[in-house]
Amino acid sequence: MKLYNTLTRQEEELDFNKQDINMYVCGVTPYSSSHIGHAMSTVVFDVLRRYLEFKGFKVNHIQNFTDVDDKMIQAAKKLDMSTADLANNNIESFLNEMALLNNLPAQLYPRATEEIEKIIEIIESLISKGLAYHNKDGVYFRVEKVLDYGKLSRRTLKDMISGSRIEIDQNKENSMDFALWKSEKPGEPSWDSPWGKGRPGWHIECSAMSIKYLGNSIDIHGGGLDLIFPHHENEIVQSESFTGEIPFSKIWVHNGLLRMGSDKMSKSVGNIVLIRDVLDKFSTNAIRMFILSSHYRSPLEYNEDQIKSKEISIKKLTKLLENTGGKVDFDQISYVCQIRQEQFINAMDDDLNTPRAIATIFDLHKDLTRLSSEGIDIAAGQDLLNRLSDILGLDLKNKNIEYNQDEFLEPLMKILTNIRSELRNKKEFELADKIRFDLYNIGINLEDSLEGTNWNIIDN
RNA sequence: GGCGACGUGGCCAAGUGGUUAAGGCGGAGGUCUGCAAAACCUCUAUUCGGCGGUUCGAAUCCGCCCGUCGCCUCCA
């Protein structure tokens, strides 16, 4: 399998000579509800993980929570609660939403505040190596000391300083030096350290957690494109300086960002759509198919019409699973399965090309409907359809039938459709059509078939 | 200002040197049906932002121009 490595700016063959793959994915800062941009990122890495597992690897997947930082402190203050409570609340709903999105849970979800010991160990080591210094504001990393600083984001210190929008901090040796530890300010959560009370800076928590749980040099480190600089750049320089091992991560995978209109969706811009609101409107399958219909490195524009169109696509695929029976034709069915599975794998092997993978699923669908209409048993093909869909985290077996589970509607509709069937049997079509028409006007759609009448609530 | 990405049919989106430019949605026609709906079948870009260039051959490589976006501050 090839994956695009942000560090080398090219696709690289994944030739890990081992069965385990260590994958660290940067999670969220749980200061508020998560938006669908976060959903996009987690779905992408979920699919990467599922595919690697399909290929036979055991994936150690870790996703962190940065549960203390400026935003956390501000938000907690505003809500008059502790940062810990705020984090707990948001983490709980985040994990809940991940499950609803059908993302496999990571093996571990470490939190910055629970890794202070490791964080301090790293900072002490960096100071002792002369790569970090302590002043009244905290501890800072000396970026000038590291020659390859900027290798991930491909920029030089000179470029960064000249283009910098941040005010120059006179207390820092170099304006690009970044905080490893921040000294305590009144009213803020803090921990004891050799440099007095304080809290970790951004970036250091990910180095600590990645190294502690996955080792000095991991296989895949991922996150959104917007984390390349400064977050991942700084993680690299801290980690490699601390462990002395290069690379900190063999491959850096970054997903493109979700846009709202033509702008990036982000909490700070304020143009966000919450995951839970999208989950209210659309099925998990449709949301995932929407996300996976464009390549993970491209930007994706949030578009409800497009998500809606995926509901229809999913329904088509689901419908095919209902076909049963027919004569066994091993040659035909296995030929089709072999071709389509191969195309699916080729697509996924090519830098996780999910749009192409999805296209082969539809090709498989077309093949199978053809064979089925020729009276051939397609059970083996349906099984493949399920397996391939499962790699994308699409659950075709789970029909979203919750609509029809209302305890009053269900028996009521049964009475109505039974009466209507009798009318149709007596050829009293005018009255039967009136029932269908009137129900349609209150939002219930009837579909007659040979097996009986199905109904569903029309979504808008 | 520096670095980077992108512009493919009505919408979304693959394809990055060579048979008919994937796939989904939409649209048109058809099969089925008492009629609908659903499902299925067929059709739906001589053309890839514009202009030049390289090449036997370019959506695909090069140059310029136009347009959109991201990072350089917190961000998935």
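As the structure is a prediction and not an experimental result, all values here were calculated from the model.
- Across all their heavy atoms, A/Ile251 and A/Ser249 have their closest contact at O-OG, 2.8 Å.
- Looking at the side chain of A/Phe229, the nearest of the listed nucleotides B/rC71, B/rC40, B/rC12 is B/rC71.
- Nucleotides B/rG53 and B/rU60, compared at atom C1', are 15 Å apart to the nearest Å.
- Taking the six-membered ring wherever Trp is involved, the centroid distance between the rings of A/His232 and A/His254 falls below 6.0 Å.
- Among the heavy atoms of the strands lying under 4.0 Å from A/Met265 is at least one base atom, whether or not backbone atoms are also near.
- Within 4.0 Å (heavy atoms only), A/Gly37 reaches at least one base atom of the nucleic acid.
- The aromatic rings of A/Phe178 and A/His203 stand perpendicular to each other, their planes meeting at an angle above 60°, with 30° marking the opposite boundary.
- Nucleotide B/rC71 forms a pair with B/rG2, judged by Watson-Crick or G-U wobble geometry with both contacts under 3.5 Å.
- The structure places SG of A/Cys26 at 4.5 Å from CD of A/Glu235, a figure rounded to the nearest 0.5 Å.
- Between the CG atom of A/Leu225 and the P atom of B/rC69 there is a distance of 16 Å, rounded to whole Å.
- For B/rA39, neither phosphate oxygen OP1 nor OP2 lies less than 4.0 angstrom from any side-chain nitrogen or oxygen of A/Asn323.
- Checking B/rA39, B/rC11, B/rC41 against every side-chain atom of A/Asn303, the shortest atom distance belongs to B/rC11.
- Ring centers of A/Phe290 and A/Phe282: at least 6.0 Å apart, outside the cut-off.
- Taking 4.0 angstrom as the limit, A/Lys316 places a side-chain polar atom (N or O) nearer than this to OP1 or OP2 of B/rC25.
- With C1' as the reference atom, B/rU42 and B/rG63 are 45 Å apart, rounded to whole Å.
- Going from the C1' atom of B/rG7 to that of B/rU47 covers 15 Å, rounded to whole Å.
- Under a cutoff of 6.0 Å and an axis angle of 45°, A/Lys267 and A/Tyr31 form a cation-pi pair.
- Contact annotation for A/Asp263: backbone-only contact, meaning every heavy-atom pair under 4.0 Å involves sugar-phosphate atoms and none involves a base.
- Looking at the side chain of A/Ser313, the nearest of the listed nucleotides B/rC25, B/rA76, B/rA14 is B/rC25.
- How far CG of A/Leu392 is from CZ of A/Arg288: 8.0 Å, rounded to the nearest 0.5 Å.
- Contacts of A/Lys264 with the nucleic acid, taken as non-hydrogen atoms under 4.0 Å apart, include base atoms.
- As rounded to whole Å, 17 Å separates atom C1' of B/rC72 from atom NE2 of A/His231.
- Residue-level contact check: A/Gly27 touches the backbone only, with heavy atoms under 4.0 Å from sugar-phosphate atoms and none from bases.
- Among the nucleotides B/rG34, B/rG70, B/rA14, the one closest to any side-chain atom of A/Phe429 is B/rG34.
- When each of A/Glu430 and A/Ser266 is assigned the nucleotide of RNA chain B bearing its nearest heavy atom, the one mapping closer to the 5' terminus is A/Glu430.
- B/rA22 is unpaired under the criterion used here, namely a Watson-Crick or G-U wobble arrangement in which both key atom distances are under 3.5 Å.
- The partner of B/rU42, taking Watson-Crick or G-U wobble pairs whose two distances both stay under 3.5 Å, is B/rA28.
- Each of B/rA76, B/rA14, B/rC41 was ranked by its minimum atom distance to the side chain of A/Leu258; first place goes to B/rA76.
- With P as the reference atom, B/rU46 and B/rU8 are 15 Å apart, rounded to whole Å.
- Separating the OH atom of A/Tyr149 from the C1' atom of B/rC72 is a distance of 11 Å, rounded to the nearest angstrom.
- The side chain of A/Thr369 contributes an N or O atom lying less than 4.0 Å from OP1 or OP2 of B/rC41.
- The nearest whole Å value for the distance from the CD1 atom in A/Ile312 to the C1' atom in B/rC12 is 13 Å.
- A donor N or O paired with an acceptor N or O is found under 3.5 Å between the base of B/rG34 and the side-chain atoms of A/Arg424.
- Nucleic acid contact for A/Ile361: none, since no nucleic acid atom lies under 4.0 Å from a heavy atom of the residue.
- Rounded to the nearest 0.5 Å, atoms CZ (A/Arg356) and CE (A/Met348) are 11.0 Å apart.
- Summarising the base pairing, B/rU47 is matched to no nucleotide, lacking a Watson-Crick or G-U wobble pair whose two defining distances lie under 3.5 Å.
- Of the candidates B/rC41, B/rC71, B/rG24, B/rC41 carries the atom nearest the A/Lys366 side chain, counting heavy atoms from C-beta on.
- Nearest nucleotide to the side chain of A/Met40, out of B/rG34, B/rA13, B/rA76: B/rA76.
- If you measure from atom CD of A/Glu301 to atom P of B/rA13, you get 8 Å, rounded to the nearest angstrom.
- Partner assigned to B/rG52 is B/rC62, using Watson-Crick or G-U wobble distances below 3.5 angstrom.
- Among B/rG24, B/rG34, B/rG4, the nucleotide with an atom closest to any side-chain atom of A/Asp448 is B/rG34.
- The distance between the ring centers of A/Tyr51 and A/Phe54 falls below 6.0 angstrom.
- For the pair A/Asp350 CG and B/rA13 P, the interatomic distance rounds to 18 Å; values are reported in whole Å.
- Within the 4.0 angstrom heavy-atom criterion, only backbone atoms of the sugar-phosphate kind lie near A/Asn445; the bases stay farther away.
- Within the nucleic acid shown, A/Ser298 comes within 4.0 Å of sugar-phosphate atoms alone, with no base atom in reach, counting heavy atoms only.
- Across all strands shown, A/Ser294 has heavy atoms under 4.0 Å from sugar-phosphate atoms exclusively, and none from any base.
- A/Asp305 has its CG atom 12 Å from the C1' atom of B/rG10, to the nearest Å.
- Nucleic acid contact class of A/Arg436 (heavy atoms, under 4.0 Å, all strands): base.
- For B/rA76 and B/rC71, the P atoms lie 12 Å apart once the distance is rounded to whole Å.
- Note that A/Arg259 lies outside the cation-pi zone of A/Tyr302, set by a 6.0 Å cut-off to the ring centre and a 45° limit from the axis.
- Nucleic acid contact class of A/His365 (heavy atoms, under 4.0 Å, all strands): sugar-phosphate only.
- A/Asp69 comes within 4.0 angstrom of nothing in the nucleic acid, heavy atoms only.
- When the P atom is compared between B/rG18 and B/rG26, the two are found 33 Å apart, to the nearest whole Å.
- Using atom C1' as the reference point in both B/rG27 and B/rC11, the two lie 12 Å apart (nearest Å).
- The side chain of A/Ser41 sits closest to B/rA76 out of B/rG15, B/rA13, B/rA76.
- Side chain of A/Pro230, nearest nucleotide from B/rC11, B/rA76, B/rC72: B/rC72.
- In this structure, B/rG34 forms no base pair with any nucleotide, since neither Watson-Crick nor G-U wobble geometry is met with both distances under 3.5 Å.
- Only the P atoms considered, B/rC66 is 28 Å distant from B/rU55, to the nearest whole Å.
- Atom pair A/Gln306:CD and B/rA14:P shows a separation of 12 Å (rounding to whole Å applied).
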